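Below, chains carry the letters A, B, ... as their sequence lines are ordered, and counting in each starts from 1. Given the structure is predicted, the values throughout are model-derived calculations rather than measurements. Just the heavy atoms: all of them, side chains too, but no hydrogens, waters or symmetry mates, feed the values below.
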There are 2 protein chains.
Amino acid sequence: MEIQGLPGKLLAELGPSIASGELAEGAVLRIEELEERFGVSRTVVREAVRILESMRLVASRRRVGITVQPRRDWDVFDPLVIRWRLAGADRAAQLRSLGSLRVAVEPAAAALAAQHATADQCRELSALAVELTVTARAADLTAFLRHDIDFHATVLRASGNEMFAHLGDTVGAVLTGRTEHNLMPHQPRAYAVQLHREVAEAVCAGDAERAERAMRTIVTGALEELAAELG
Amino acid sequence: MEIQGLPGKLLAELGPSIASGELAEGAVLRIEELEERFGVSRTVVREAVRILESMRLVASRRRVGITVQPRRDWDVFDPLVIRWRLAGADRAAQLRSLGSLRVAVEPAAAALAAQHATADQCRELSALAVELTVTARAADLTAFLRHDIDFHATVLRASGNEMFAHLGDTVGAVLTGRTEHNLMPHQPRAYAVQLHREVAEAVCAGDAERAERAMRTIVTGALEELAAELG
DNA sequence: ATCTTGAATAAGTCATACCTTTGGGGCGAT
DNA sequence: ATCGCCCCAAAGGTATGACTTATTCAAGAT
């Protein structure tokens with residue numbers, strides 16, 4: 001759990017309820033009601049609500065209560081909101097949004113990585129590319145996933161752009177979700193693995209254009225598979 | 001102010017202090033100290049701190065206090081964090097990050113917009129392109145800025161991707177900051193204006209490739225100017 | 001019908017007491 | 001002198017009750 005303590009418990013309950021649409025836009029909660037429902041004090045309820053408010057999932061107004069806000073107001077970049085949506089009924093929409101985001105960001109990150117990656121990061125990318133090849137061949141999806149996440153996170157980090165770097169976890173969540181819901185081929189496609197190797201090579205060689213192209217192929221491929229899977 | 005009430009006051013003070021580096025990584029605050037400093041109750045302090053914690057600007061530990069977290073942990077996509085950084089000593093770095101993000105996202109958004117824009121959005125884009133032309137010629141920077149922000153926000157919204165759409169405000173903040181700090185030519189370049197018209201046209205014509213290319217030219221140009229300006 | 005006013009309601013704030021965790025110092029054993 | 005254990009104090013975490021303030025809604029006046 002991200003946020004600790006009792007407020008975290010409330011969040012873990014309320015956040016997903018709202019993100020999944022179970023608590024629809026306009027639904028009203030009251031502090032007192034939440035106190036009773038969770039058996040906690042006002043202090044705790046208020047802190048949890050404040051956090052939801054800062055994510056714009058809810059708005060609190062006097063004499064009215066705590067009302068669930070329309071989706072378009074939600075802070076869709078908040079890591080918790082993303083996780084909650086991925087876990088619930090909104091999963092498909094969230095995956096689509098993130099898919100497009102990846103298509104936009106990851107190729108650009110790869111290009112920057114080719115210019116800014118440190119020697120260590122190059123070594124790590126190369127090593128991860130090897131691991132991907134090995135685990136793909138062995139059809140070890142768990143290890144493959146771990147290295148795949150690591151690979152993309154490393155590229156994003158190597159871009160030298162802090163905002164790109166922060167998308168590492170989010171991309172990780174997407175990949176995890178994809179594997180968990182069997183949106184992945186039973187054995188990773190050799191072609192995709194080959195592209196990862198190419199990204200690693202190009203980044204290490206400082207070839208921004210090739211890195212970008214290879215990465216774009218990877219993420220557009222992923223997006224297409226996703227679209228096919230989700231209809 | 002985004003977050004209302006007394007906790008908002010604290011945030012408005014603490015957030016910028018941290019974002020600007022005035023309160024450096026590792027600095028320790030105590031609840032009691034903040035109570036006295038701001039003349040508010042524990043409840044209020046705690047709620048403000050909770051929010052800072054959810055942005056990962058600080059972490060709270062028993063027996064230690066509230067410690068400022070290293071930059072790399074910050075939730076750099078949080079709109080408030082972005083605004084605070086833009087307002088303070090971190091402005092240059094934040095603008096650079098956002099510049100790269102724009103280069104990645106806006107062309108992709110323009111391409112999607114060409115496929116998904118509604119008739120209304122097309123009309124709005126066209127009208128805004130006209131306004132840009134007019135206000136640029138009149139060297140009315142204020143009106144130009146307003147329409148420029150609106151233009152980019154509309155393209156992002158028209159992409160049909162909620163995450164892209166949410167970057168509208170952020171891009172607006174960047175453009176505002178650029179104008180306020182005279183990082184803009186005294187009169188908007190005719191060339192840039194022409195590119196906006198081209199984006200509008202291409203989007204309305206459903207020509208994704210041309211829309212993407214024109215938008216890419218705009219944002220890479222902005223990034224280059226920024227780099228030149230900031231060294 | 002419209003405006004005013006007042007009462008009811010729910011969030012916002014405060015003060016205080018108490019619980020829980022944890023870092024660090026002191027003490028003893030080795 | 002060093003190591004390890006234990007206990008205490010410090011600071012955040014939670015609970016509670018009283019009070020304040022804003023806001024809605026409706027009743028009554030115009």
Any donor and acceptor pair, going by atom type alone, linking the side chain of A:H166 with main-chain N or O of B:R72 inside 3.5 Å?
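Yes: the side chain of A:H166 pairs with the backbone of B:R72.
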
Between B:H116 and B:S159 (side chain of the first, backbone of the second, donor and acceptor by atom type, cut-off under 3.5 Å), is there such a pair?
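Yes: the side chain of B:H116 pairs with the backbone of B:S159.
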
Assess the pair B:F151 and B:H196: is the distance between their ring centroids shorter than 6.0 Å?
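Aromatic pair counts; centres sit under 6.0 Å.
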
Would A:V171 and A:I149 count as a side-chain contact (heavy atoms from CB on, under 4.5 Å) here? Give the steps.
CA-CA 7 Å; A:V171 169; A:I149 290 174; over 6 Å; no

Atom pair distance, as rounded to whole Å: CZ in B:F38 and P in C:dT13:
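Roughly 14 Å, once rounded to whole Å.
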
Starting at atom CG of B:L34, determine the distance to atom C1' of C:dT13, rounded to an integer number of angstrom.
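Taking CG of B:L34 and C1' of C:dT13, I get 17 Å after rounding.
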
Quick tally for nucleotides 7-17 of chain D: nucleotides whose base has a protein heavy atom under 4.0 Å get B, sugar-phosphate-only ones S, the rest -, giving --BBBBBBBBB

Can you list, pair by pair, the side-chain donor-acceptor contacts under 3.5 Å of residues 19-31 of chain A, counting residues two or more places apart and other chains?
unit_1	atom_1	unit_2	atom_2	d
A:S20	OG	A:P16	O	3.1
A:S20	OG	A:S17	O	3.2
A:S20	OG	A:E22	N	3.3

